[in-house]
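One structure is given below, encoded as structure tokens.
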Amino acid sequence: MSNDNWPLYEVFVRAKRGLNHVHAGSLHAPDAQMALRNARDLYTRRQEGVSIWVVASDDITASSPDEKDSFFDPAADKVYRHPTFYDVPEDVEYL
Amino acid sequence: MYGNDFGPRDDAPLNAAETQDYTQALEDYFNGLIDEDSRIEPRDAMPDGYRQTLIRQIAQHAHSEIIGMQPEGNWLTRAPSLRRKAILLAKVQDEAGHGLYLYSAAETLGVDREELLDKLHAGKQKYSSIFNYPTLTWADAGAIGWLVDGAAIMNQVPLCRCSYGPYARAMIRVCKEESFHQRQGFEILWTLSQGTDAQKAMLQDAANRWWWPALMMFGPPDSGEKAADGHTAQNMAWGIKRFTNDDLRQKFVDMTVPQAIKLGITLPDPDLRWNEERGHWDFGEIDWDEFWRVLKGDGPCNAERIATRVAAHEEGAWVREAAVAYAAKVAEREQGAVA
């Protein structure tokens with residue numbers, strides 16, 4: 001038996017309280033518990049984190065780069081979602 | 001989730017002319033990203049040459065980190081103090097970590113780590129030739145940190161801007177950790193340089209043996225007339241490589257000579273002298289025959305390094321099997337509890 005049977009996990013690390021978990025990399029492990037322990041040794045040797053998530057890579061559903069235009073375009077023509085779109089008198093404060 | 005899904009699929013056109021258009025579109029997409037100095041990510045379409053070059057380079061880099069644990073590992077049980085031992089252990093553990101970051105990066109290109117390790121064990125993929133030299137004295141542990149890691153950093157810093165995202169990200173992590181390696185190596189040597197005559201002689205001997213192999217780490221000449229020979233031009237166009245081997249080697253020499261002077265040692269090159277006109281240190285001819293000889297397997301430690309690696313892999317098999325068996329048992333119990 002070899003690593004062939006060890007699934008790939010994606011590792012997310014929260015650097016400190018108040019911040020999001022951020023993708024740090026991936027690793028192989030026989031199960032999620034071992035993935036967590038290996039992630040501790042691999043990605044937080046210098047106190048880079050206070051919390052770790054591991055997710056089986058196979059369980060991630062991702063958007064595809066070849067539909068990036070059709071997928072993200074709907075947001076492109078809605079500039080009115082940004083505060084700078086609006087004309088207001090310059091001498092009005094706190095807007 | 002790393003499969004390339006921006007590329008020919010079942011529903012891709014079968015008509016030859018359309019296929020050509022399709023291929024062209026993929027090429028334009030890739031070249032566009034490269035031209036704007038953007039990053040290529042795992043699921044982007046990429047030319048096969050780009051993919052294969054990266055797999056080879058990242059695998060070789062990962063293997064170097066893993067094999068690179070051995071020369072220093074040799075001194076773990078004989079480090080001169082508990083402090084030095086703890087430091088060396090942390091450093092060797094870092095090298096293992098660097099290997100794993102890099103294998104992960106390679107896997108995003110569609111290869112398995114297992115497959116890469118098999119190739120290393122079978123001698124079908126290389127690792128840096130520098131690790132085929134022996135660590136004869138404690139000063140060698142220092143020389144590796146100072147010269148080998150110093151040269152590695154010089155090579156690796158530009159790779160943090162490599163066009164392939166996962167490789168660049170791995171290198172950022174590696175470079176952050178590598179600077180401790182270089183400083184601890186210099187500290188070992190600095191301590192020896194302040195010691196007895198025997199310690200100073202040990203330091204000088206280590207520098208004599210590691211200087212030239214460290215210069216070879218940058219690879220064969222690839223600028224001037226030699227520019228057309230190798231892969232440098234293509235790799236620079238692809239944004240995999242940012243500087244020529246020769247440029248990096250010169251930078252390394254310029255950085256290292258003043259450090260050697262500080263250590264009070266002589267570097268083993270009679271042609272080494274400051275060139276006012278160029279604003280760089282001139283250095284002598286590198287023995288490329290030795291480089292190719294060691295690369296092709298005839299270095300002092302080639303056979304030993306691979307044998308040690310294969311033995312570690314085989315003797316560790318039961319641990320991997322036990323981990324899988326335990327994972328299966330836990331999963332079974334959890335299912336039983338649910339049912």
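Small disclaimer: the values here were computed from a predicted structure and weren't measured. Chain naming here is simple, since letters A, B, ... match the order of the sequence lines and numbering starts at 1 in each.
Here the OH-NE2 distance, from B/Tyr103 to A/His28, works out to 11.5 Å after rounding to the nearest 0.5 Å. Rounding to the nearest 0.5 Å places OH of A/Tyr43 at 7.5 Å from CG of B/Leu100. With rounding to the nearest 0.5 angstrom, the CG atom of B/Asp94 is 4.0 Å from the CZ atom of A/Arg46.
When heavy atoms are compared at a cutoff of 4.5 Å, A/Gln33 does not approach chain B at all. Contact of B/Arg173 with chain A is made through the side chain alone, with heavy-atom distances under 4.5 Å. Heavy-atom distances place no part of A/Ala32 under 4.5 Å from chain B, backbone and side chain included. Residue B/Glu115 does not touch chain A at all, counting heavy-atom pairs closer than 4.5 Å.
By the neighbour-count criterion of 12 heavy atoms within 6.0 Å, atom CD of A/Gln47 is sparsely surrounded, having that number or fewer from other residues, nucleotides or ligands. Counting non-hydrogen atoms of other residues, nucleotides and ligands closer than 6.0 Å to CG of A/Asn20 gives a total of 12 or fewer. Summarising the local packing, NZ of A/Lys78 is surrounded by more than 12 heavy atoms from other residues, nucleotides or ligands at distances under 6.0 Å. By the neighbour-count criterion of 12 heavy atoms within 6.0 Å, atom CZ of A/Arg14 is densely surrounded, having more than that number from other residues, nucleotides or ligands. Counting non-hydrogen atoms of neighbouring residues, nucleotides and ligands closer than 6.0 angstrom, the CD atom of B/Glu36 exceeds 12 such neighbours.
Counting only distance, with no hydrogens or angles, the side chain of A/Ser26 and the backbone of B/Ser104 share no donor-acceptor pair below 3.5 Å. Distance alone, capped at 3.5 Å, is enough to place a donor-acceptor pair between the B/Tyr101 side chain and the A/Leu42 backbone.
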Only pairs under 3.5 Å count here: list side-chain donor-acceptor contacts from residues 85-95 of chain A, not counting sequence neighbours, and write none if there are none.
| from | atom 1 | to | atom 2 | distance (Å) |
| --- | --- | --- | --- | --- |
| A/Tyr86 | OH | A/Tyr80 | O | 2.7 |

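Between chain B and the options A/Asp31, A/Leu27, A/Asp41, heavy-atom pairs under 4.5 Å are most frequent for A/Asp31.
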